[in-house]
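Only one structure is covered here, and it is reproduced in the block below.
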Amino acid sequence: EYVDVVARFGRDGSIDPVCVVWRDGRSFPIDEVLEAGSFGTLIHGCQTARYRVRLGRHETDLYLERREPVPALGEGERLIWWVHAYDQVKPGSSDAAAQ
């Protein structure tokens, strides 16, 4: 699921996601970035960085996809955030039995 993300851009070039906004307008603050990845290998003009984040009791992977510019189509570089629509609940939480 492609999502909107509010992010903080550091003076050192870092990108830290702060809040995820779903298509329907609901927003979820990111309580903690557990793991911030770097961009991987360029494949088909695209690189992806994985962020392991905690939103309340939920942990999930949030991805930042960097697409190379395509001058022939008039497209510049694009950064796109996406997340799996189904995430896991931390073990021991009250929501774990519901899944």
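Below, each value reflects all heavy atoms present in this structure, side chains not excepted, and no hydrogens, waters or symmetry copies.
Of all non-hydrogen atoms in P17 and V33, the two that sit nearest each other are O-CG2, 4.0 Å. When all heavy atoms of I30 and C19 are compared, the pair lying nearest together is CD1-N, 4.0 Å. In terms of heavy atoms, L55 sits closest to P29 at CD2-O, 3.6 Å. Nearest heavy atoms, L42 versus E68: CD2-OE2, 3.3 Å.
Between the side chain of R11 and the backbone N or O of G13 there is no donor-acceptor pair closer than 3.5 Å. Panel note: side chain E1, backbone H84; no donor-acceptor pair is recorded below 3.5 Å.
With rounding to the nearest 0.5 Å, the separation of CG in L64 from CZ in R50 is 13.5 Å. Between atom CG of residue D31 and atom CZ of residue R57 there is a gap of 11.0 Å, rounded to the nearest 0.5 Å. For the atom pair R67 CZ and L79 CG, the distance stands at 10.5 Å (nearest 0.5 Å). We find the OG-CZ distance between S14 and F9 to be 9.5 Å, quoted to the nearest 0.5 Å.
Under the 30°/60° scheme for interplanar angles, the aromatic rings of Y63 and W82 are found to lie parallel.
Taking 4.0 Å as the cut-off between side-chain N and carboxylate O, R78 and E65 do not count as a salt-bridged pair. The pair R52-E35 does not count as a salt bridge, with every side-chain nitrogen at least 4.0 angstrom from each carboxylate oxygen.
I15 is not connected to V21 by any chain of hydrophobic side-chain contacts under 4.5 Å among Ile, Leu, Val, Met, Phe, Trp and Tyr, and they are in different clusters. Each of L62 and Y2 belongs to its own hydrophobic cluster when Ile, Leu, Val, Met, Phe, Trp and Tyr are linked at side-chain heavy-atom distances under 4.5 angstrom.
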Checklist entry - Could you go step by step and tell me if Y51 and V83 meet the side-chain contact (heavy atoms from CB on, under 4.5 Å) rule? => result CA-CA 10 Å; Y51 291 78; V83 66; over 6 Å; no
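Residues W81 and V20 have side chains not in contact (no heavy-atom distance under 4.5 Å, counting atoms from C-beta outward).
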